[in-house]
J.: 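Please see the structure below; I have some questions.
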Amino acid sequence: MPELPEVETVRYDLNKSLSGFQIKDISCNTTKILQPSLKEVIKHTKGLTISSFNRKAKLLIVELNKDWNFLIHLKMSGRLLIRDPGGVEDRWTRVIIALERKGIIKELRFADQRKFGYIKLIKKEELSDILSNYGPEPFADLSLQIFTKILKSSRRAIKKVLMDQVLISGIGNIYANDALFLAKIHPETSANYLNQNQIKNLFEAIEEVLKRGLKYRGASDNSYLDAFGKKGQYQEHFLVYGKNKENCPNCGSVIQKIVVGGRGTFYCPKCQLQERK
DNA sequence: AGTGCGACCTGATCGC
DNA sequence: TGCGATCAGGTCGCAC
């Protein structure tokens with residue numbers, strides 16, 4: 001679930017709340033989530049201070065004041081929670097990072113029902129190599145011109161292209177569905193079949209749905225919670241995602257569910273006409 | 001090379 | 001009611 005708007009919401013709040021905090025201790029009850037190992041991570045990071053929280057695509061980057069970064073991926077069910085020690089329990093807590101700043105003690109907890117997510121300690125110098133595997137970032141380096149080039153170079157279904165992190169950063173299943181609806185494009189249309197007008201509409205639709213996601217602090221259709229343990233609200237504003245058999249908000253037709261790239265895909269058969277596979 | 005698909009996990013929900 | 005099957009979706013590794 002966590003896509004660009006969800007990860008960005010978490011990043012923003014963590015950056016505001018936990019920058020300048022020092023790592024006092026770390027615990028972990030699910031070995032593979034904390035990499036390379038609890039022992040190694042403690043050895044290199046105990047006593048370091050968090051400089052800032054950054055983001056690339058759906059990846060959260062915690063910059064420490066020495067030569068280290070944490071890379072955190074929430075995958076489907078991961079949560080990062082700011083808590084007071086001894087306060088509420090969070091189900092599925094896997095890693096706890098104990099933090100302190102000017103006598104204030106906080107915990108950053110990583111909770112993940114399905115254990116797909118991870119916290120990985122890397123050397124700062126490894127970062128640019130890792131980030132080079134991700135495409136341009138919407139609102140930053142993805143321009144209409146670059147977007148056009150990306151679509152022209154692939155015959156794959158447009159929805160798969162939108163969700164391919166190598167080509168474009170940050171778009172997942174929810175926002176891909178809603179952006180294609182907003183642009184009135186069928187999700188299985190070949191990317192390189194779209195004309196310039198459609199490309200422009202889609203480019204603008206992507207920015208629009210991501211902006212809505214950010215405005216509503218993410219979509220909590222399933223397990224997503226923000227850094228304070230609160231739900232986002234974008235699920236109240238879904239256009240077609242998850243609305244199988246409901247009526248199209250635009251024309252009233254019945255929304256269809258198909259599978260594209262192994263993912264549930266929702267569209268209006270009237271507004272988003274199939275053009276070419 | 002480009003593409004597609006199963007595996008990784010768990011819990012909620014569905015169907016019989 | 002109870003139990004097994006199915007579904008959810010981000011990314012990696014492998015197969016064609």
J.: Using the test salt bridge (charged side-chain N to carboxylate O under 4.0 Å, His left out), find all partners of A/Arg212 that sit at least two apart in sequence or belong to another chain.
T.: A/Glu208
J.: Base, sugar-phosphate alone, or nothing: which one does A/Gly264 contact when heavy atoms must sit under 4.0 Å apart?
T.: sugar-phosphate
J.: In whole Å, I'd like the distance from the CG atom of A/Asp221 to the C1' atom of C/dC7.
T.: 13 Å
J.: Donor-acceptor check, side chain of A/Asp178 to backbone of A/Val240, threshold 3.5 angstrom: yes or no?
T.: yes
J.: Would you say A/Gln165 reaches C/dG10's phosphate, i.e. side-chain N/O to OP1/OP2 under 4.0 Å?
T.: no
J.: In dot-bracket form, how is DNA chain B paired, counting a Watson-Crick or G-U wobble pair only if both its distances are under 3.5 Å and using | for bases paired to another strand?
T.: .|||||||.|||||||
J.: Under the side chain to side chain donor-acceptor pair (under 3.5 Å) test, which residues partner A/Thr9, sequence neighbours left out?
T.: none
J.: List, with names and distances, any nitrogen or oxygen atoms from the protein found under 3.5 Å away from nitrogen or oxygen atoms belonging to nucleotides 6-9 of chain B.
T.:
{"unit_1": "B/dC9", "atom_1": "OP1", "unit_2": "A/Lys32", "atom_2": "NZ", "d": "3.2"}
{"unit_1": "B/dC9", "atom_1": "O2", "unit_2": "A/Arg114", "atom_2": "NE", "d": "2.5"}
{"unit_1": "B/dC9", "atom_1": "O2", "unit_2": "A/Arg114", "atom_2": "NH2", "d": "3.3"}
{"unit_1": "B/dC9", "atom_1": "N3", "unit_2": "A/Arg114", "atom_2": "NH2", "d": "3.1"}

J.: Between C/dC12 and B/dG11, how far is it from one P atom to the other, in whole Å?
T.: 24 Å
J.: I'd like the C1' distance from B/dG6 over to C/dT6, given in whole Å.
T.: 16 Å
J.: For A/Lys200, enumerate each residue passing the salt bridge (charged side-chain N to carboxylate O under 4.0 Å, His left out) test, keeping only those at least two apart in sequence or located in another chain.
T.: A/Glu204
J.: Listing time: all N or O pairs from protein to nucleotides 1-4 of chain B that are below 3.5 Å?
T.:
{"unit_1": "B/dG4", "atom_1": "OP1", "unit_2": "A/Lys160", "atom_2": "NZ", "d": "3.3"}
{"unit_1": "B/dG4", "atom_1": "OP2", "unit_2": "A/Lys160", "atom_2": "NZ", "d": "3.1"}

J.: If you compare every side-chain N and O of A/His73 against the phosphate oxygens of C/dT11 (OP1, OP2), does one of them come in below 4.0 Å?
T.: yes
J.: Within the side chain of A/Ser17, is there an N or O that forms a donor-acceptor pair under 3.5 Å with the backbone of A/Leu14?
T.: no
